[in-house]
Number of protein chains: 2
Amino acid sequence: MSLLAKATIDDVAALAGVSMKTVSRVVNKEPNVRASTREKVQAAIAQLEYRPSQSARSLAANRSYVLGLLYDNPSASYVIDVQEGALQTCRRAGYDLLIHPCRHNEPELADEVLALVRHSRVDGLILTPPLSDITQLVDGLVEAGVPFVRLSPTENKQACPYVQTNDQEAAYDMTCRLLELGHERIGFIAGHPDHRAVAERYQGYLAALKESRIKFDKTLVVQGYNSFDSGRECAAQLLGMNDRPTAIFASNDDMAAGVIIEAHHRGLAMPAELSVAGFDDTPVAHQIYPSLTTVSQPITEMASKAAELLVKQLQGKAVQMPAAIMSCRVIVRDSTGKR
Amino acid sequence: MSLLAKATIDDVAALAGVSMKTVSRVVNKEPNVRASTREKVQAAIAQLEYRPSQSARSLAANRSYVLGLLYDNPSASYVIDVQEGALQTCRRAGYDLLIHPCRHNEPELADEVLALVRHSRVDGLILTPPLSDITQLVDGLVEAGVPFVRLSPTENKQACPYVQTNDQEAAYDMTCRLLELGHERIGFIAGHPDHRAVAERYQGYLAALKESRIKFDKTLVVQGYNSFDSGRECAAQLLGMNDRPTAIFASNDDMAAGVIIEAHHRGLAMPAELSVAGFDDTPVAHQIYPSLTTVSQPITEMASKAAELLVKQLQGKAVQMPAAIMSCRVIVRDSTGKR
DNA sequence: ATGAAAGCGCTAACAC
DNA sequence: GTGTTAGCGCTTTCAT
């Protein structure tokens with residue numbers, strides 16, 4: 001058991017018959033090492049089970065090899081997926097991931113995050129919605145020169161590299177499907193205004209209606225706040241109308257679940273009397289009755305890609321600013337049907 | 001903007017007119033510093049906004065000030081809650097948290113984790129179910145002398161400090177309630193055998209039945225695997241019986257959600273024709289129809305407490321091995337009612 | 001109660 | 001292509 005061994009770079013250098021610096025070059029994949037030398041060193045590393053000390057290299061290089069992941073999202077599954085994606089890249093690139101839940105409406109958020117960067121030795125940050133659109137935070141990071149990337153930002157897109165999905169297009173597709181099913185009165189529950197990425201899904205709904213021959217009725221659009229409870233309240237409002245909608249499209253699954261509950265309590269059969277659609281494909285979507293037609297996003301891939309962009313940036317490689325755009329896909333389940 | 005300042009321990013020492021070592025004593029709350037000296041130093045620290053460099057102290061002290069959180073749990077909300085609790089303690093105690101999802105049935109799990117400890121400079125580990133009961137892992141950590149704590153272990157309890165809940169008692173209570181509602185045929189869906197903490201809830205069900213005048217019918221107990229789908233399959237089996245149960249108690253909420261779906265598909269009214277109970281109080285419990293009667297555990301507090309025990313251990317303080325036992329509570333919602 | 005000196009294991013800057 | 005020399009900012013002895 002070589003658990004106590006703790007080989008250092010000097011041990012490797014001695015065994016390989018080279019200098020410390022050469023070992024360092026091999027470890028850090030720097031150029032200017034002869035192939036044969038590299039192999040000797042690698043053999044020594046393997047034999048001694050040498051692993052560089054992160055603290056030593058952090059101290060010497062003044063970098064932490066830690067990425068910070070910032071989030072303020074009530075959806076546990078979203079956060080877990082983002083973590084998973086970020087971790088995949090971190091493992092590949094030799095970084096650690098520091099998770100940092102915070103409050104997007106905390107007035108001193110920017111200071112808090114800058115303190116994290118300064119004191120908790122984080123080399124760069126990954127911002128997720130709704131933090132991606134907190135102007136004060138984004139500006140603060142740019143000003144302080146902190147490397148960062150964002151998931152699904154909706155504004156200030158030149159501030160940093162980012163990854164996003166075609167949400168609006170997917171919302172457009174979903175609305176078109178409902179129209180094709182014969183629905184003419186389609187209620188829409190808008191997302192939390194602070195959570196721009198969700199809020200903007202409304203544009204897709206609008207676009208689809210404009211293309212159709214249906215006249216837009218603004219009383220069919222109600223403001224939600226992304227939570228199950230707000231979804232239920234919005235549904236109560238929509239379903240209480242004299243000429244109630246035959247379909248309701250909620251900007252996320254939690255709200256759609258609220259719609260379904262409210263419909264159950266009103267004794268409405270779904271999809272016979274009411275079609276319901278959501279967005280996100282969270283676990284609840286297939287755990288409720290009827291199972292929810294929704295839109296799935298490649299969250300893990302987005303996060304993994306975002307972390308890659310950040311690592312590239314940290315390695316000094318130019319990152320293409322036009323960013324990565326990934327595709328959502330509509331998942332049809334049992335909650336939608338013909339009018 | 002003192003963002004570039006980067007005061008070091010020398011700067012503080014100079015300003016306070018003391019030696020580096022004295023500053024170090026103050027920062028680390030060591031004894032043998034006169035109160036007046038301490039104050040001078042603290043003033044200097046405040047004025048310079050000094051924060052110790054983690055990498056420097058890690059290198060010098062040969063500790064990382066990082067705790068590792070290990071998990072392999074399909075419930076995103078459980079993991080998020082555990083993270084939150086662990087983070088609370090980490091923030092207070094000056095530690096960082098490294099998250100490490102893994103596979104409990106991976107044959108080389110123990111080696112993987114030991115490599116993490118050895119190379120990723122983690123001072124101690126927090127194990128969550130079902131990892132808390134992976135004998136090979138637990139034994140490996142003990143043998144290697146790695147400090148660790150566990151959440152909800154069911155065996156080998158002397159191996160390390162731990163925190164647990166009175167699951168079995170809560171399962172007993174829940175079963176009693178169903179009996180009081182007049183149910184005489186209560187189906188039970190057991191938890192995944194690998195996930196001992198969940199699996200042992202069965203004992204509570206058994207105990208309650210034994211105390212009652214109801215005769216135990218083993219055909220009412222089916223083996224689940226903690227997932228929604230397995231819950232649904234088990235429900236299909238139970239509800240397909242000639243003399244089907246009037247209540248079903250599933251060992252966790254995901255399986256209970258599966259039961260509810262299956263009942264919907266069979267056109268059974270709940271709770272009129274079937275009562276359903278779950279365990280865990282995950283978000284889905286109040287998002288489904290009917291809302292689910294279940295048991296709530298103080299997950300965040302457990303994780304926070306566990307991290308505290310670990311930190312104490314790392315600080316060399318003796319940890320009381322009898323460990324902390326926290327209470328669950330039954331939450332009655334709409335899925336249960338009189339027979 | 002306080003201080004001086006010696007590293008911790010690595011990278012950076014500059015030789016050669 | 002490779003080696004030498006200084007630190008990075010702390011904690012640890014061990015003095016005093």
Side-chain angles (χ1 to χ4, degrees), chain A residues 4-42 44-45 48-66 94 96 118-121 123 314-316, chain B residues 4-42 44-45 48-66 94 96 118-121 123 314-316:
Chain A
L4 311 168
K6 282 268 184 191
T8 74
I9 198 170
D10 289 300
D11 302 330
V12 177
L15 180 60
V18 299
S19 79
M20 205 168 127
K21 179 60 208 176
T22 299
V23 177
S24 174
R25 286 200 176 90
V26 172
V27 169
N28 296 302
K29 298 179 177 117
E30 286 170 30
N32 294 337
V33 180
R34 201 181 315 166
S36 61
T37 312
R38 183 178 306 274
E39 280 163 28
K40 263 195 314 194
V41 172
Q42 278 161 343
I45 289 177
L48 297 175
E49 292 184 22
Y50 165 75
R51 296 286 169 247
S53 148
Q54 287 291 23
S55 16
R57 70 194 324 205
S58 295
L59 181 58
N62 197 28
R63 324 213 265 116
S64 65
Y65 301 94
V66 172
D96 278 339
R118 192 166 165 225
H119 304 313
S120 270
R121 62 276 152 66
D123 287 343
L314 294 174
Q315 292 172 340
Chain B
L4 312 168
K6 281 270 185 188
T8 75
I9 198 170
D10 289 299
D11 302 329
V12 177
L15 181 60
V18 298
S19 80
M20 208 169 124
K21 178 61 210 178
T22 299
V23 177
S24 174
R25 285 200 177 89
V26 172
V27 169
N28 295 304
K29 299 182 178 111
E30 286 171 29
N32 294 337
V33 180
R34 201 180 316 166
S36 61
T37 311
R38 184 179 303 276
E39 281 163 25
K40 262 194 316 193
V41 172
Q42 277 161 345
I45 288 177
L48 297 175
E49 293 184 21
Y50 167 74
R51 297 285 169 247
S53 149
Q54 288 290 25
S55 15
R57 72 194 320 207
S58 295
L59 180 59
N62 197 28
R63 322 212 266 118
S64 65
Y65 301 94
V66 172
D96 278 339
R118 191 162 170 231
H119 305 314
S120 271
R121 62 274 153 66
D123 287 341
L314 293 175
Q315 292 171 341

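Everything numeric here is computed off the predicted structure, so don't read it as measured data. A note on names: the letters A, B, ... follow the listed sequences, proteins ahead of strands, and every chain is numbered from 1.
Contact detail for A:Arg118 and B:Glu49: the closest heavy-atom pair is NH1-OE1, 3.3 Å. Of all heavy-atom pairs spanning B:Thr8 and B:Tyr50, the tightest one is C-CE1, 3.6 Å. When all heavy atoms of B:Val12 and B:Val41 are compared, the closest pair comes out as CG1-O, 4.2 Å. Here the closest heavy-atom approach between residue B:Leu314 and residue B:Arg63 is recorded as O-NH1, 4.5 Å. The minimum heavy-atom distance linking B:Ser55 with A:Leu59 is given by the pair CB-N, 3.8 Å. Here the closest heavy-atom approach between residue A:Ser53 and residue A:Ala56 is recorded as OG-N, 3.0 Å.
Side-chain contact check for B:Lys40 versus B:Arg34: every heavy-atom pair is 4.5 Å or farther apart. Side-chain atoms of B:Thr37 and B:Arg25, non-hydrogen and from C-beta on, never get closer than 4.5 Å to each other.
At a threshold of 4.0 angstrom between heavy atoms, the contacts of A:Asn62 with the nucleic acid are absent. Across all strands, B:Ser58 comes closer than 4.0 Å to no nucleic acid atom at all (heavy-atom distances). As judged by a 4.0 angstrom heavy-atom cut-off over every strand, A:Pro31 is placed among residues making no nucleic acid contact. No contact: A:Ser55 has no heavy atom under 4.0 Å from any strand.
Whole-Å rounding puts the A:Arg63 CZ to C:dA12 C1' distance at 12 Å. The distance from atom CD of B:Glu39 to atom P of C:dA1 is 15 Å, rounded to the nearest whole Å.
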Let me have a per-nucleotide readout for nucleotides 3-8 of chain C, 5' to 3', with B, S or -, counting only protein heavy atoms under 4.0 Å.
BB--BB
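Regarding contacts with the backbone of C:dT11, a side-chain N or O of A:Asn28 is found under 4.0 angstrom from either OP1 or OP2. Listed pair A:Arg57 / C:dT11 meets the phosphate criterion, a side-chain N or O lying under 4.0 Å from OP1 or OP2.
Rounded to 10 degrees, the angle between the two end axes of the helix from C:dA1-D:dT16 to C:dC16-D:dG1 is 20°, with five pairs used at each end.
Heavy-atom contacts of chain B under 4.0 Å fall on DNA chain D between two terminal nucleotides, which in 5' to 3' order are D:dG9 to D:dT12.
Between the side chain of B:Ser58 and the backbone N or O of B:Gln54 there is at least one donor-acceptor pair closer than 3.5 Å. No side-chain donor-acceptor contact under 3.5 Å links B:Asp96 to the backbone of B:Val66.
Interatomic distance, A:Lys21 NZ to A:Asn28 CG, rounded to the nearest 0.5 Å: 7.0 Å.
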